[in-house]
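Structure first, then comments.
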There are 2 protein chains.
Amino acid sequence: MLLSKSCIYGLRASILLAKDESNGFITIRDLSDELNISFHFLTKVLQKLTRSEILESFKGPNGGVKLAKPAEQVTFKEIVISIDGRFYKVDCPLGLPACGELAPCPLHDQWEELNNRIQNMIGSVTLAELSDRQKRGKPNLQFSAQTGS
Amino acid sequence: MLLSKSCIYGLRASILLAKDESNGFITIRDLSDELNISFHFLTKVLQKLTRSEILESFKGPNGGVKLAKPAEQVTFKEIVISIDGRFYKVDCPLGLPACGELAPCPLHDQWEELNNRIQNMIGSVTLAELSDRQKRGKPNLQFSAQTGS
DNA sequence: GTATATTAAGACAAAATACTCTTAAATCAT
DNA sequence: ATGATTTAAGAGTATTTTGTCTTAATATAC
Ligand code: SF4
Ligand code: SF4
């Protein structure tokens, strides 16, 4: 499991928001219905994104959430950090102190490159790019109940 | 978090076992002391490795555990699978069905390559290679209490 | 055989994560 | 103002993961 479920839900919801071009508010109920996940749970996840000012929310009728800035300016990584709270990093599981710098084991460089790759991957791709795939996609494409991992 | 703690403990213990060249049994108590983790918890983890025939165990005085085969023949991956129970895989978090093959999003190839890299990484390195780093290392190198991730 | 050392097994507890529900606050429509 | 809609907040529950403890089984040494 690379990302928590909360994080995955937040990403999926964000992509739905990016897909909407009206820039109006969309209710969390609509999002949770389309994603097949709990409304209340998603609400909590999106609250984090709102507090991080990735989303903007509005209460009352015609309220909901929307992206606080253009989808081109929101990275995958921002969302992960906002929800999972920490900088995403894959540490070496062997955890030896004073390791690596002096006498790296056969995996040391690979762990490092793995991290760089992940950082680069999620840091450079934006919601705009991710949702574009959706917008162009077949209309019957839907989010599944399964979460991936 | 890429690997569970159980898995990390199992890996660390296995490396200690590989470091020992006498090929005699080592008590789990010794391992847990050196790794600074709970004896009982490590026992349960190592039982999985024993059932998978990666380790061999022996009860009673002079008993303990040892590698069931040469360290050169035990891969990182075998241990992960034995303990975490599943094939290690980093799925795309967006989880769209009928995705990818037809119209991959900007990350699709990268997720795939990430997986290949991880599979290759943990599938090709053996305990012998990992412990070699330890054997040659400074004698005061010790496992830390922290787990990495 | 009796005591001792050691893993095996499983019940139990604690913590982290995932999820649900209730109530409050804000906003809008009438 | 009143009532409906919708997010915010937080209490509460469930599940999974992590960790502890107790007892049983197996082997050795005397
Ligand atoms: S050398 Fe690097 S990868 Fe290898 S055990 Fe040390 S920190 Fe981990
Ligand atoms: S195309 Fe993108 S969203 Fe679809 S499975 Fe591949 S990485 Fe995931």
Side-chain angles (χ1 to χ4, degrees), chain A residues 1-13 17 24-33 35-68 80 82-86 93 145-149, chain B residues 1-13 17 24-33 35-68 80 82-86 93 145-149:
Chain A
M1 179 91 80
L2 200 62
L3 301 165
S4 70
K5 285 200 177 178
S6 294
C7 195
I8 291 169
Y9 295 161
L11 281 164
R12 292 183 183 177
L17 290 172
F25 290 104
I26 295 182
T27 68
I28 299 178
R29 177 69 65 185
D30 283 350
L31 295 172
S32 68
D33 282 352
L35 295 171
N36 277 311
I37 57 181
S38 151
F39 163 73
H40 291 289
F41 192 61
L42 184 59
T43 294
K44 275 214 287 201
V45 171
L46 297 189
Q47 277 171 20
K48 288 190 186 178
L49 294 179
T50 303
R51 284 191 217 103
S52 308
E53 296 183 348
I54 291 168
L55 299 185
E56 196 172 327
S57 71
F58 202 79
K59 291 176 184 174
N62 308 320
V65 291
K66 68 176 178 183
L67 294 180
V80 171
S82 169
I83 295 173
D84 273 358
R86 55 191 145 77
Q146 80 187 2
T147 60
S149 85
Chain B
M1 180 89 82
L2 201 62
L3 302 165
S4 71
K5 285 202 177 177
S6 294
C7 194
I8 290 169
Y9 295 161
L11 281 164
R12 292 183 183 175
L17 290 172
F25 290 105
I26 295 182
T27 68
I28 300 178
R29 177 69 65 185
D30 283 350
L31 295 171
S32 68
D33 283 351
L35 294 171
N36 276 311
I37 58 183
S38 151
F39 163 73
H40 292 289
F41 192 62
L42 184 59
T43 294
K44 274 211 291 200
V45 171
L46 297 190
Q47 275 171 21
K48 287 189 186 179
L49 294 179
T50 302
R51 284 192 216 104
S52 307
E53 298 183 346
I54 291 168
L55 299 186
E56 197 173 325
S57 71
F58 202 79
K59 291 176 185 172
N62 308 319
V65 291
K66 67 176 178 183
L67 294 180
V80 171
S82 169
I83 296 173
D84 273 358
R86 55 189 144 77
Q146 79 188 3
T147 61
S149 87

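In the set C:dA18, C:dA5, D:dA9, the nucleotide with an atom closest to the side chain of A:S6 is C:dA18. Listed nucleotides: C:dA18, C:dA8, D:dT18. Nearest to the side chain of A:S4: C:dA18. Taking only side-chain atoms of A:R51, from C-beta outward, the nucleotide of D:dA9, D:dT18, D:dT28 with the closest atom is D:dA9. For B:T27, counting side-chain heavy atoms from C-beta on, the closest listed nucleotide (C:dT27, D:dT28, C:dT7) is C:dT7.
Residue B:N62 contributes atom CG, which lies 7 Å from atom P of C:dT6 at whole-angstrom precision. The nearest whole Å value for the distance from the CG atom in A:L35 to the C1' atom in C:dC19 is 15 Å. In this structure, A:L42 atom CG and D:dA8 atom C1' are separated by 14 Å, rounded to whole Å. A:K59 places its NZ atom 9 Å from the C1' atom of C:dT27, with the value rounded to the nearest Å.
Heavy atoms of B:F25 sit nowhere under 4.0 angstrom from any nucleic acid atom.
Under 3.5 Å, the side chain of A:K44 and the base of D:dG10 form no donor-acceptor pair of N or O atoms.
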> Can you list the steps and then say if A:F39 with A:I28 is a side-chain contact (heavy atoms from CB on, under 4.5 Å)?
Replying inline: CA-CA 7 Å; A:F39 163 73; A:I28 299 178; 3.7 Å; yes
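Contact annotation: B:Y9 side-chain N/O to D:dG19 OP1/OP2 distance is under 4.0 Å. For C:dC19, one of the phosphate oxygens OP1 or OP2 lies less than 4.0 angstrom from a side-chain nitrogen or oxygen of A:K5. Between A:S38 and the phosphate of C:dC19, there is no side-chain N or O to OP1/OP2 separation shorter than 4.0 Å. For C:dA8, one of the phosphate oxygens OP1 or OP2 lies less than 4.0 angstrom from a side-chain nitrogen or oxygen of B:S57.
Each of A:L46 and B:F39 was matched to the nucleotide of DNA chain D holding its nearest heavy atom; the match closer to the 5' end belongs to A:L46.
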